[in-house]
Amino acid sequence: MQNLLHNLNPEQLAAVTLPSQSALILAGAGSGKTRVLTTRIAWLIQTGQVSPGGILAVTFTNKAAKEMLTRLSALLPINTRGMWIGTFHGLCNRLLRAHHRDAGLPQTFQILDSGDQLSFIKRLLKANNIDDEKFPPRTLMYFINSAKDQGLRAAQVEAHDDFNRKMVALYDLYDAQCQREGVVDFAELLLRTYELLSRNQPLREHYQARFRHILVDEFQDTNDLQYQWLKLMAGAGKQEPAAVFAVGDDDQSIYAFRGANVGNMSAFEREFQVRNLIKLEQNYRSHGHILDSANVLIANNSKRLGKNLRTDAGHGEPVRIMEASSDIQEANWIIDEAKNLIREGSLRSEIAILYRSNAQSRVIEHALFTAGIPYRVYGGQRFFERAEIKHAIAYLQLMDNPHNDSAFLRVVNFPARGIGARSMEQLQDAARQHGISLYAAVPHVGGKAGSSLANFVRLIESARFETQNLPLPEMVQVVLDLSTLLTHYQTEKEGADRIENLEQLINAATLFVSEEGFSREAPALTGPASAAALLPAADSVTVIDADAALPAVMSPLSAFLSHASLEAGDNQAQAGQDALQLMTVHSAKGLEFDAVFITGLEEGLFPHENSMQEASGVEEERRLMYVAITRARQRLYLSFSQTRMLHGQTRYNMRSRFLDELPDESLKWLSPKIQPSWFGNKKSAWDEAPAAEANRLAQGMSKAQDSHGWRIGQNVLHAKFGEGVIVNIEGSGSSARAHINFGQFGMKLLDLSIAKLDKI
DNA sequence: GGGTGTCCGGGATTG
DNA sequence: CCGGACACCC
């Protein structure tokens, strides 16, 4: 016990040892949040306040869940397999498998990832003769997902115009089709679990009695449905609700665009009668100048719960800022600085280059490639998303649930077996006519089409038959052979990588089986009969629990298939090598590095132009900047550029407002700092940057100046709109008009002979 | 069915 | 400018 709690600072200690009531922990960046969470669990168990089975710990990412498990097993000598620690989706999957009948799902229901969901919707629109110009699949998908994220079924969504009424109708059709095929999307996992627990009182009370301590990581990222889910699970408002230990940071809320609602933090305080609010403000990550920059920047936001990070580390190096003349020059500067750091002994993997949007990585990658510096780009395609893997998975899905039409369509003619569009049309007609799945409709198709289709069905049947008693990895091997996927890629020119990936899939199955405990002599639960044994009798109030171990509630194949959907796996690009780390600011959340470059700090890019209409948008961008800054331990570099190629056009942006919100005493400008206009110094960097001029000329803009005396790229000051940049000039002489980017005020078209403009 | 050409649109992302 | 979606051709 002494051991468990020593080394905690007073705030952390207070949080870990809070009484069994709901509490909100405001955990600043780098304040030891995961440590507090895991130590809290260990302390609760060690002091006998709860058994491991009474703990429910929820995270958003698999990575966070794994991290928690690892650190917990280092703290406590217990088997963590029996504990309910996982993502919202993973935990819901487990509950739905165990109680599938009550939830109205087949035991082998399958999970659509977002790609599957999109093709599912396209198919739905086509089958119902909907014009996908008027109702774009992506829009419908967003509509459905946001409704589900708010806990709403189609019948509950309010629609006030024809378009929305149609969307609601399509949402309803979508759900019905999912139900027929035995598939669920990600949001459905949560909504279905929520509905299951809402209407099934014995089940609800069983889990409420079981989970006396619920811990939630990254609470600021919860959406409305997740919050309702937690309320239900905890029995909030009841006599003896569970103690919910919510850890979050409102300043790091950067996912409003996908439904996260920071308001859940104050709702939580209110609705869970939170008496204990603890702020973790001691930062163990960043040097002083970096932390001061973050603090001063975020103070510009209005809606905050209020928090100020402090550090015992000294000031450290100042934050370095560079204005480049072009995006190419910016990239080269970054590389020079990174080389210096490496020369001084930094590991490449301890240097991160961050950007607001993926498109910005190109120029940087090009420069790194030319310089021969190894780098790794985050966020690429992941293992289970690769086409060949999805094909193999589709065969396995059909064996486990033949009514999954998505899987059927993916592989019915891949590798090619002479089942073309015409045959499929007949099959789809038959399926629609009888209201059954494609697989089930095969016997209704006659002729040549019918016999090729019947051959395909026989292929799936025999794969299932031949593998029914095989361990999972061997099952995968057999499927790869029988489906002729392997031979198909052997004859393909560039199939070598794909074959390697397919072999990796067998490894993945082997690994999965050993990690999840399927390799031991688990009771064979492949048939529906044994699963039924787990279910409560209809009139019984005894609930058989969804034990935490997977083998108790699903077959190895079903489990592996949900694993493939719920954990898409790493993107394996250049993994393992000591390489510079390139990623968006969003994907940097939760990570930390010795040195961090934040690039493209320009109005329109960061803050992004789509966010600048509303104050709340800019505040989220500012939080994003806050996240970016607080990734750095020792060194922080900020850069922006006067010109930038975007969408095939040269853009001229003003420097980001965020740069002007940072504290001067923590900064070191490596390029001359041009004061904002209201400070007096009006000299433009353009006048002192011959390189920029040369660059511009090289880009074919030879006509730098015209008779009207203005040129593209000129910084100007306008009485009403303030500081701006001339982006384009049309016409000439006295009739010339200029497109001027005024940042917050947007793009204006002004007549140069009329508008009162000063050069700055 | 796969390969090539044309058109369009382009913010971030986990499960 | 670049990638995805789709039409068209062999």
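Computed from a predicted model, the values in this text were never measured in an experiment. Reminder, nothing fancy here: chain letters follow the sequence lines and each chain counts from 1.
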Peer 1: Does A:Arg657 count as lying over the ring of A:Phe606, i.e. NZ or CZ under 6.0 Å from the six-ring centre, within 45 degrees of the axis?
Peer 2: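 No, cation not above the ring by the 6.0 Å, 45° rule.
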Peer 1: Taking side-chain hydrogen bond (donor to acceptor under 3.5 Å, both in side chains) as the criterion, tell me which of A:Gln329, A:Glu602, A:Glu330 meets it with A:Ser639.
Peer 2: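 Looking at A:Gln329, A:Glu602, A:Glu330, the match for A:Ser639 under the side-chain hydrogen bond (donor to acceptor under 3.5 Å, both in side chains) is A:Glu330.
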Peer 1: Please give, in whole Å, the distance from B:dA12 C1' to A:Met625 CE?
Peer 2: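 Atom-to-atom, A:Met625 to B:dA12, this comes out as 16 Å.
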Peer 1: Please examine the side chains of A:Leu112 and A:Val184, heavy atoms only from C-beta on, and report whether any two atoms are closer than 4.5 Å.
Peer 2: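 No, every pair of side-chain atoms sits at 4.5 Å or beyond.
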Peer 1: Which whole number of Å gives the distance between the P atom of B:dT13 and that of C:dG4?
Peer 2: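 Looking at atom P only, B:dT13 and C:dG4 are 15 Å apart.
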Peer 1: Can you tell me if the side-chain N/O atoms of A:Asn93 get under 4.0 Å from OP1 or OP2 in B:dG15?
Peer 2: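 No, no such contact exists.
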Peer 1: Centre-to-centre under 6.0 Å for A:His586 and A:Phe257, is that the case here?
Peer 2: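 Ring centroids of A:His586 and A:Phe257 are less than 6.0 Å from each other.
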Peer 1: Are A:Arg258 and B:dA12 close enough that a side-chain N or O sits under 4.0 Å from OP1 or OP2?
Peer 2: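 Answer is no, no contact under 4.0 Å.
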Peer 1: Closest approach to the side chain of A:Phe186, judged atom by atom: which nucleotide of C:dG3, B:dA12, B:dG15 is it?
Peer 2: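 Given the options C:dG3, B:dA12, B:dG15, the side chain of A:Phe186 is closest to B:dG15.
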Peer 1: Nearest to the side chain of A:Ser357, which nucleotide is it out of B:dA12, B:dG1, B:dT13?
Peer 2: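 The answer is B:dA12.
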Peer 1: Evaluate the ring planes of A:Phe414 and A:Tyr489, with Trp represented by its six-membered ring, and classify them as parallel (under 30°), tilted (30 to 60°) or perpendicular (over 60°).
Peer 2: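 Tilted.
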Peer 1: Using a 4.0 Å heavy-atom cut-off across all strands, classify A:Asp113 as base, sugar-phosphate, or nothing.
Peer 2: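 A:Asp113: no heavy atom of the nucleic acid under 4.0 Å.
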Peer 1: Could you give the CD-to-P distance, from A:Gln117 to B:dT14, as a whole number of Å?
Peer 2: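 Distance, rounded to whole Å: 16 Å.
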Peer 1: For the pair made of NZ in A:Lys63 and P in B:dT13, what is the distance, rounded to whole Å?
Peer 2: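 My rounded result for the distance is 14 Å.
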Peer 1: B:dT13 C1' sits how many Å from A:Ile254 CD1, rounded?
Peer 2: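 Those two atoms, CD1 and C1', are 9 Å apart.
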Peer 1: With a 4.0 Å cut-off on heavy atoms, is A:Tyr255 in touch with a base, just the backbone sugar-phosphate, or nothing at all?
Peer 2: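 Here A:Tyr255 touches the backbone only, sparing every base.
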Peer 1: Given that A:Asn413 and A:Glu567 both sit by DNA chain B, which one's nearest nucleotide is further toward the 5' end?
Peer 2: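 The answer here is A:Asn413.
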Peer 1: Under 4.0 Å: is that the gap between some side-chain N or O of A:Asn358 and OP1 or OP2 of B:dT13?
Peer 2: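 Indeed, a polar side-chain atom of A:Asn358 lies that close.
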Peer 1: Measure CG/A:Asp221 against C1'/B:dT14 and give the value in whole Å, please.
Peer 2: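 After rounding, the reported distance stands at 10 Å.
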Peer 1: A:His586 has a side chain; which of B:dG15, C:dG3, B:dT13 sits nearest to it?
Peer 2: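 Looking only at heavy atoms from C-beta outward on A:His586, the closest nucleotide is B:dT13.
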Peer 1: Using a heavy-atom cut-off of under 4.0 Å over every strand shown, decide if A:Phe60 touches base, sugar-phosphate, or nothing.
Peer 2: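 Sugar-phosphate, no base atom in range.
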Peer 1: Over how many whole Å does the gap from A:His608 atom NE2 to B:dA12 atom P extend?
Peer 2: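 In whole Å, B:dA12 P and A:His608 NE2 are 7 Å from each other.
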Peer 1: Of all the choices, C:dC2, B:dA12, B:dG15, which nucleotide is nearest to the side chain of A:His89 once you look at every atom?
Peer 2: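 Among the listed nucleotides, the one closest to the side chain of A:His89 is B:dG15.
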Peer 1: Starting at CE of A:Met645 and ending at P of B:dG10, how long is that distance when rounded to a whole Å?
Peer 2: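 The distance from CE of A:Met645 to P of B:dG10 comes to 19 Å, rounded to the nearest Å.
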Peer 1: Please tabulate, one pair per line, all N/O donor-acceptor pairs under 3.5 Å involving side-chain atoms of residues 607-614 of chain A, not counting sequence neighbours.
Peer 2:
unit_1	atom_1	unit_2	atom_2	d
A:His608	ND1	A:Asn610	N	3.0
A:Ser611	OG	A:His608	O	2.6
A:Gln613	NE2	A:Glu609	O	3.1

Peer 1: Please tell me which of A:Glu621 and A:Ala416 maps to the more 5' nucleotide of DNA chain B, matching each residue to the nucleotide holding its nearest heavy atom.
Peer 2: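 Final value for this comparison: A:Ala416.
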Peer 1: Which part of the nucleic acid, if any, lies within reach of A:Glu188 when heavy atoms closer than 4.0 Å are counted: base, sugar-phosphate only, or nothing?
Peer 2: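 Contact class for A:Glu188: none.
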Peer 1: Show me, pair by pair, the donor-acceptor contacts under 3.5 angstrom made by side chains of residues 118-128 of chain A, not counting sequence neighbours?
Peer 2:
unit_1	atom_1	unit_2	atom_2	d
A:Ser119	OG	A:Gly115	O	3.0
A:Ser119	OG	A:Asp116	O	3.3
A:Arg123	NH1	A:Glu181	OE2	3.1
A:Arg123	NH2	A:Ser406	OG	2.8
A:Asn128	ND2	A:Leu124	O	2.8

Peer 1: Would A:Glu67 and A:Lys63 count as a salt bridge (charged side-chain N to carboxylate O under 4.0 Å, His left out) if you check the C-alpha gap in whole Å, the side-chain angles of each, and the deciding distance to 0.1 Å?
Peer 2: CA-CA 6 Å; A:Glu67 168 90 4; A:Lys63 202 174 155 200; over 6 Å; no
Peer 1: Check this one for me: any side-chain N or O of A:Ser114 less than 4.0 Å away from OP1 or OP2 of B:dT14?
Peer 2: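 It does not, given that no N or O in the side chain of A:Ser114 lies less than 4.0 Å from OP1 or OP2 of B:dT14.
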Peer 1: May I ask you to list the residues of residues 120-129 of chain A, by number, that have any heavy atom positioned under 4.0 Å from an atom of DNA chain B?
Peer 2: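 Of all residues in residues 120-129 of chain A, none places a heavy atom under 4.0 Å from DNA chain B.
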Peer 1: Send over the distance from A:Arg138 CZ to C:dG4 C1', rounded to a whole Å.
Peer 2: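 Distance, rounded to whole Å: 9 Å.
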